[in-house]
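Counting starts at 1 for both ligands and their atoms, following the listed order.
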Amino acid sequence: MNNFNWDTSFLVDFDLHTGESKTSEVTKRYLSQMKNMFSDTEAVEKILENEDPVIYEFHELGFPEEAGHIAFGTSIVHPGTIGNEYYMTKGHFHTILETAEVYYTLSGEGYMVMENPEGDTMEVPLRKGEVIYVPKRYAHRSVNTGNIPLVMFFSFGAEAGHDYGTIETKGYHKLIVEENGKSAIVDNPHWK
Ligand SMILES: O=P(O)(O)OC[C@H]1O[C@H](O)[C@H](O)[C@@H](O)[C@@H]1O
Ligand SMILES: [Fe+2]
């Protein structure tokens, strides 16, 4: 782990095409770590018999989770589908629900799938060159609907924290699936 001093200035390299960084740490999420998040559990099992693909990865610095600091890094969602569902991140609420986040799309295309605890949902297309503002109180998941990596630079208040449990048990109301070669937003039949 890099030992940055967050009370002074520092510089970090990020490649604005690949999202890669020599200075920061990379975390990879494999299909086996997201088994129950994809709708088609049979398709998951079938793939895992032969391989365990990396679904997404992110580069960040290991920041202090304290108010006043700003966390940032890149996330890279690889292209692909599991059954008819596109590769995506796990997605999370912020533990401090009242914390927003921004993502700048560097490469690729997809959707930011968001929902709040009241069940209001938003699915916003991600395009290269645009920043998406994810408001406070909304869980967020990025989905890659293209055939190249979806690369984004993100930033949020470092105190936010990650709550994965809610999404892990309930799932999202909406899924982004491939239908006749195009992306479609559908209701999640397994939402609890
Ligand atoms: O947290 P996940 O849903 O697994 O997504 C992976 C990562 O991507 C985002 O861009 C967030 O800002 C990171 O804090 C997060 O850890
Ligand atoms: Fe977040």
Tell me if a side-chain donor or acceptor on T95 pairs with a main-chain N or O of H162 at a distance below 3.5 Å. yes
Could you tell me if [Y] and [X] have a donor-acceptor pair between their side chains, going purely by distance under 3.5 Å?
X    : Y    : value
Y138 : N116 : yes
H69  : E159 : no
D52  : S32  : yes
E25  : H59  : no

A student checking ligand 1 against F156 at a 4.0 Å heavy-atom cut-off should list atoms 12 (O), 14 (O)
A student checking ligand 1 against H162 at a 4.0 Å heavy-atom cut-off should list atoms 1 (O), 13 (C), 14 (O), 15 (C), 16 (O)
The reported gap from CE in M34 to CD in E168 (rounded to nearest 0.5 angstrom) is 9.5 Å
The number of protein N, O or S atoms lying under 2.8 Å from the Fe ion (ligand 2) is 4
**Asked** So is R29 actually on top of Y164's ring, under 6.0 Å and inside 45° of the axis?
**Response** yes
Counting heavy atoms under 4.0 Å, the part of H140 that contacts ligand 1 is neither
Looking only at N/O atoms, are F154 and ligand 1 under 3.5 Å apart anywhere?
no
Which protein non-hydrogen atom lies closest to [atom], naming both residue and atom, and how far is it?
atom                    : result
atom 8 (O) of ligand 1  : S75 CB, 4.0 Å
atom 12 (O) of ligand 1 : E101 OE2, 2.3 Å
atom 3 (O) of ligand 1  : G91 N, 2.8 Å
atom 5 (O) of ligand 1  : Y56 CE1, 3.8 Å

Requested in this report: Can you label the angle between the F4 ring and the W6 ring as parallel, tilted or perpendicular, going by 30° and 60°?
Outcome: perpendicular
Output field: ring centroids F153/F14 closer than 6.0 Å:
yes
Closest heavy-atom pair, P135 versus M114, reported as atoms and distance to 0.1 Å, is CD-SD, 4.3 Å
Closest heavy-atom pair, Y104 versus V131, reported as atoms and distance to 0.1 Å, is CD1-CG2, 3.3 Å
Among F72, Y103, Y164, closest by heavy atom to atom 9 (C) of ligand 1 is Y103
I'd like to know if R29 contacts ligand 1, where contact means a heavy-atom distance under 4.0 Å to any ligand atom.
yes
